[in-house]
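Here is the structure we will look at.
Throughout, residue positions are numbered sequentially from 1 according to the sequence presented.
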Amino acid sequence: MTGALERFVLARTRRERWLLALLLVVGLPLGWYHGVIVPLETRESASRQALLEAQALERWLEARRAELAALPPADTRADRPLPGLSAIDASLQEAGLSAALSTATGGGIAVLLEEVEFVILMPWLEAFERGTGYDLAQLSLRRGDQPGQVRAEFLLRPQ
């Protein structure tokens, strides 16, 4: 193997040998850096960002748990009628949110919001859940295209 390599190098002109040496000294480390190190750094920064987002969500959930623990016991609300689709839609529009509403199986209401501000949606959800006879049964949030925006799907069930 080394004999074939030696014959290959000796068959080259002095200029070609310098270019091969330059390729080995500069090209291989540069290729290693761009082919291995840069993708690893990119993956690491993406995982760090995902970790920071998960920690922020966890802190937010802990704050909501503390608020929930501080609330007085809920009243039965059996004497008040539940708001219908139009009342919920009006409440959403009053908060500056537009949604697609539909009746879900089991008497709930499915709500889909495309690209809404997170800081507007969460206070509305909190106030709506406290002020009506509905519980938030399911909630799915996905990051939107713009910073601070989310795509939200949730299910409201009668208490």
Original post:
CZ/Phe154 to OG/Ser140 distance, rounded to the nearest 0.5 angstrom?
Top reply: 11.5 Å
Subject >> Sub-4.5 Å side-chain heavy-atom contact between Thr103 and Ile109 >> reply: no
**OP:** Kindly work out whether a path of hydrophobic side-chain contacts (I/L/V/M/F/W/Y, heavy atoms less than 4.5 Å apart) joins Leu68 to Leu61.
**Re:** no
Original post:
Is the number of heavy atoms from other residues, nucleotides or ligands under 6.0 Å of Gln55 CD greater than 12?
Top reply: yes
Subject >> Heavy-atom pair with the smallest gap, counting every atom of Trp60 and Met122 >> reply: CH2-CE, 3.0 Å
Original post:
So do Leu10 and Glu6 actually touch side chain to side chain, heavy atoms under 4.5 Å?
Top reply: yes
Original post:
Just how far is it from atom CZ of Arg17 to atom CZ of Phe8, taken to the nearest 0.5 Å?
Top reply: 11.5 Å
Original post:
With Arg143, which residues qualify under side chain to side chain donor-acceptor pair (under 3.5 Å), at least two apart?
Top reply: Glu53
Original post:
Given the rule in the side-chain contact (heavy atoms from CB on, under 4.5 Å) test, do Val150 and Arg142 qualify, once you have shown the distances and angles that lead to the verdict?
Top reply: CA-CA 5 Å; Val150 294; Arg142 291 188 183 85; over 6 Å; no
Subject >> Exercise: identify the closest heavy-atom pair between Glu153 and Leu112 >> reply: CG-CD1, 3.3 Å
Original post:
Under the side-chain contact (heavy atoms from CB on, under 4.5 Å) test, which residues partner Ala137, sequence neighbours left out?
Top reply: Leu155, Arg157
Side-chain donor/acceptor pairs under 3.5 Å, residues 22-31, sequence neighbours excluded:
none

**OP:** Not counting sequence neighbours, which residues clear salt bridge (charged side-chain N to carboxylate O under 4.0 Å, His left out) with Glu44? List them please.
**Re:** Arg48
Subject >> Pairing residues for Glu16 by the salt bridge (charged side-chain N to carboxylate O under 4.0 Å, His left out) criterion, not counting sequence neighbours >> reply: none
Subject >> Side-chain (Glu129) to main-chain (Leu136) donor-acceptor, under 3.5 angstrom >> reply: yes
Subject >> Pro158 versus Tyr134, closest heavy-atom pair with distance >> reply: N-CD2, 3.8 Å
Original post:
Which atoms form the tightest heavy-atom contact between Asp89 and Ala99, and what is the distance?
Top reply: OD1-O, 4.3 Å
**OP:** Could you tell me the separation between the CG atom of Leu156 and the CG atom of Asp135, rounded to the nearest 0.5 Å?
**Re:** 9.0 Å
Original post:
Can you name the residues that form a side chain to side chain donor-acceptor pair (under 3.5 Å) with Ser98, not counting sequence neighbours?
Top reply: none
**OP:** Could you pull out the closest heavy-atom pair between Glu126 and Glu67, with the gap in Å?
**Re:** OE2-OE1, 2.8 Å
Original post:
Which distance, rounded to the nearest 0.5 Å, do you find between the CG of Leu141 and the CG of Leu57?
Top reply: 8.0 Å
**OP:** Can you see which heavy atom on Arg12 is nearest to which on Leu20, and at what distance?
**Re:** CG-CD1, 4.2 Å
Original post:
Does Arg65 have any salt bridge (charged side-chain N to carboxylate O under 4.0 Å, His left out) partners at least two apart in sequence or in another chain, and if so, which?
Top reply: Glu62
Original post:
What residues join Leu19 in its hydrophobic cluster, counting side-chain heavy atom gaps under 4.5 Å, either direct or through other members?
Top reply: none
Original post:
Taking the hydrophobic residues Ile, Leu, Val, Met, Phe, Trp and Tyr, and joining any pair whose side-chain heavy atoms are under 4.5 Å apart, which ones share a cluster with Ile37?
Top reply: Trp32, Tyr33, Val36, Val38, Leu40
Original post:
Residues in side chain to side chain donor-acceptor pair (under 3.5 Å) with Arg14, at least two apart?
Top reply: none
Original post:
With sequence neighbours left out, what residues match Gln146 under side chain to side chain donor-acceptor pair (under 3.5 Å)?
Top reply: none
Original post:
Mind checking what makes salt bridge (charged side-chain N to carboxylate O under 4.0 Å, His left out) contact with Glu114, not counting sequence neighbours?
Top reply: Arg151
Subject >> From Leu101 atom CG to Ile88 atom CD1, the distance as rounded to the nearest 0.5 Å >> reply: 6.5 Å
